[in-house]
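Residue numbering restarts at 1 for every chain, and letters A, B, ... go by the order of the sequence lines.
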Protein chains: 2
Amino acid sequence: MRLVIARCAVDYTGRLNAHLPLATRLLVHKGDGSLLVHSDGGSYKPLNWMSPPCTLASEEPGEEEASAGVLEVWRVTHKKTGDALRVQIYEVLHDSNHDLGIDPGLQKDGVEADLQRLLAEQVELVAEGATLVRREFPTAIGPVDLMVRDPDGVAIEVADESATGGARHIAVEVKRKAGIDAVEQLTRYLELLNRDSHLAPVRGVLAAQSIAPQARTLAGDRGIEVLLLDYDAMKGVESGVPTLF
Amino acid sequence: MRLVIARCAVDYTGRLNAHLPLATRLLVHKGDGSLLVHSDGGSYKPLNWMSPPCTLASEEPGEEEASAGVLEVWRVTHKKTGDALRVQIYEVLHDSNHDLGIDPGLQKDGVEADLQRLLAEQVELVAEGATLVRREFPTAIGPVDLMVRDPDGVAIEVADESATGGARHIAVEVKRKAGIDAVEQLTRYLELLNRDSHLAPVRGVLAAQSIAPQARTLAGDRGIEVLLLDYDAMKGVESGVPTLF
DNA sequence: TCCTCTAGCTTGGAC
DNA sequence: GTCCAAGGTAGAGGA
């Protein structure tokens, strides 16, 4: 990894065009050839960058550039898309190389997959007496997170059976944060599943750690039930520390 | 900006939990307090990070940590969310400070806003004789990119007037890349707009530089027309260089 | 402030 | 390869 602090100007051409005026920035040239251009502040995202696979070539500046003070030009080209980054270097304030070795990578806990696994194990949270049919239940337009059988579906919903049709299957969409898009996604699955006479009628449950107000409203309109999940509580149950009911 | 190359292990607790085992990495501590943890390769995204507003505090390692070889612990805490990053530093291989000053920022061309502006100026691409009602046409659930009046709507659509109702208004959703989500978005707008008797019936056009096949299919199902846009050609028209028809 | 939508999204997975 | 969905999405912009 090469670290350079330099006064530079950058032009990107590719999916769009972008220009960075002359200023002092950090250039990180990684072992895989990729380049990051960072300012001191702003964000975790570079101002400009080139992802691997790409190559960096150093060029002499043109005559006009040289007279404007450009010492060197870096041209970073993506090997597949042809996207290109052109860095005009006016002054180098720091330049160092470092051998980092390979990284063992990041270990995560609490992503959607973990939520889904826990809810599959604690499927009674979806409906009393419910049993898991399977996770990642396949459909033509993609897998439904959880498919659940609800033995008491008719009895529970008898007060308004016309709305649910006494559904004994429940399609569950699991999200960490549910937005409108999650409701749309579940709606598409329900449309499709309810065309299958072996399953229909299927009702929908949107299970999430947080649900955007407009998503809740839209779900209500579409007869989709929402279920708030408490990840820590569910994890507590898993680890053998029962919660009180 | 402080640049540190160090052998370190990192733990993040916040919206989820994440752990980075001991390895050599680049730590970038920016002027606004934010911290980026990069490996040599991978992507432009840090392995771990903390966004501003946050504070970095250096601590003595605990006894057990010290005996395991930890020299120093950085604790980076977000001021609002309470998210925290804990960096155990085992060895410092490089440490330097740099004054970068403020950055003039990135100038972009070719983003969705540019597409939208060009299509607003060349609204006849949507339908012959069409006129612009307004950009960012407000609705209760957000702005429609373009609202267009189509004086010939009835005549053009007379062959299947039942489908369009002879719509004289067109809601246009502009995208660089249109996926299923774009169709859903436009569908929501159309549902709402068609409840407004002053506008209804409104038909929908999805205008994009590229359209995913499944989005095209879904749009077809919903009676939404798709329109492929050529950004360079549209820009050519704008700059007074006409294209041939 | 909350909420929505864009992003050179990136990245991973399935087909 | 293409396409879809998740992300500690981040960040901008409007109500």
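- Side-chain contact, Glu136(A) with Gln116(A): a donor N or O sits under 3.5 Å from an acceptor N or O.
- At whole-Å resolution of the value, CG in Leu47(B) and C1' in dG7(D) are 15 Å apart.
- To the nearest 0.5 angstrom, Thr187(B) atom OG1 is 11.0 Å from Asp181(B) atom CG.
- Atom CD1 of Ile102(A) sits in a sparse spot, with 12 or fewer heavy atoms from other residues, nucleotides or ligands closer than 6.0 Å.
- Between the side chain of Asp32(A) and the backbone N or O of Pro52(A) there is no donor-acceptor pair closer than 3.5 Å.
- Each of Leu85(A) and Ile141(B) was assigned the nucleotide of DNA chain C with the nearest heavy atom; the assignment lying further toward the 5' end belongs to Ile141(B).
- Judged as a ring pair (Phe, Tyr, Trp, His ring centres under 6.0 Å), and not counting sequence neighbours, the contacts of Tyr44(B) are Trp49(A).
- With P as the reference atom, dG8(C) and dT4(C) are 22 Å apart, rounded to whole Å.
- Expressed to the nearest 0.5 Å, how far CE of Met50(B) lies from NZ of Lys79(B) amounts to 12.5 Å.
- Per the geometry, CD belonging to Glu136(A) stands 11 Å off C1' belonging to dA5(D), to the nearest Å.
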Pair up each side-chain donor or acceptor in residues 1-12 of chain A with any protein partner under 3.5 Å, not counting sequence neighbours, and list the distances.
from	atom 1	to	atom 2	distance (Å)
Arg2(A)	NE	Asp95(A)	OD1	3.0
Arg2(A)	NH2	Asp95(A)	OD2	2.8
Arg7(A)	NE	Glu91(A)	OE1	3.0
Asp11(A)	OD1	His19(A)	ND1	2.8
Asp11(A)	OD2	His19(A)	ND1	3.4
Tyr12(A)	OH	Arg15(A)	N	3.0
Tyr12(A)	OH	Asp83(A)	OD2	2.6

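- Mapping Asp145(A) and Lys80(A) onto DNA chain D via the closest heavy atom, the residue that lands nearer the 5' end is Lys80(A).
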Checklist outcome for this item: Per-nucleotide protein contact along nucleotides 10-15 of chain D, 5' to 3', at a 4.0 Å heavy-atom cut-off (B base, S sugar-phosphate only, - neither), is SS----

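- No contact: Gln116(A) has no heavy atom under 4.0 Å from any strand.
- Atom pair Lys177(B):NZ and dA7(C):C1' shows a separation of 10 Å (rounding to whole Å applied).
- The residue Asn48(A) sits close to a base: some heavy atom pair falls under 4.0 Å.
- Salt-bridge check for Glu112(B) with Lys177(B): failed, with every basic side-chain N at 4.0 Å or more from each acidic carboxylate O.
- Between the NZ atom of Lys30(A) and the P atom of dT10(C) there is a distance of 14 Å, given to the nearest Å.
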Next on the checklist: Checking Arg25(B) against His38(B) for the side chain to side chain contact (heavy atoms under 4.5 Å, CB included) test, could you report, in this order, the C-alpha distance in whole Å, the side-chain angles of both residues, the deciding distance, and whether it holds?
Outcome noted: CA-CA 6 Å; Arg25(B) 304 190 176 92; His38(B) 270 281; over 6 Å; no

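- Counted by atom type alone, Gln185(B) and Glu184(A) present zero donor-acceptor pairs between their side chains at under 3.5 Å.
- When the P atom is compared between dC4(D) and dG8(D), the two are found 22 Å apart, to the nearest whole Å.
- Between the side chains of Asn194(A) and Tyr189(A), not a single donor N or O lies within less than 3.5 Å of an accepting N or O.
- At a non-hydrogen distance threshold of 4.0 Å, Gln185(A), Arg188(A) from residues 181-190 of chain A come into contact with DNA chain D.
- Across dG8(C), dC4(D), dG8(D), the shortest atom-to-atom separation from the side chain of Ile180(B) is found for dC4(D).
- Between Asp232(B) and Lys235(B) no salt bridge is recorded (no basic side-chain N to carboxylate O distance below 4.0 Å).
- Distance Arg135(B) CZ to dT6(C) C1': 15 Å, rounded to the nearest Å.
- Listed by residue number, Lys108(A), Val111(A), Glu112(A) are the residues of residues 103-112 of chain A with a heavy-atom contact under 4.0 Å to DNA chain D.
- At whole-Å resolution of the value, NE2 in His19(B) and C1' in dG8(D) are 17 Å apart.
- Minimum interatomic distance between Ala171(A) and Leu186(A) (heavy atoms only, all atoms of both residues): O-CD1, 3.9 Å.
- Of the residues in residues 204-218 of chain B, those lying under 4.0 Å from DNA chain D by heavy-atom distance are Ala212(B), Pro213(B), Gln214(B).
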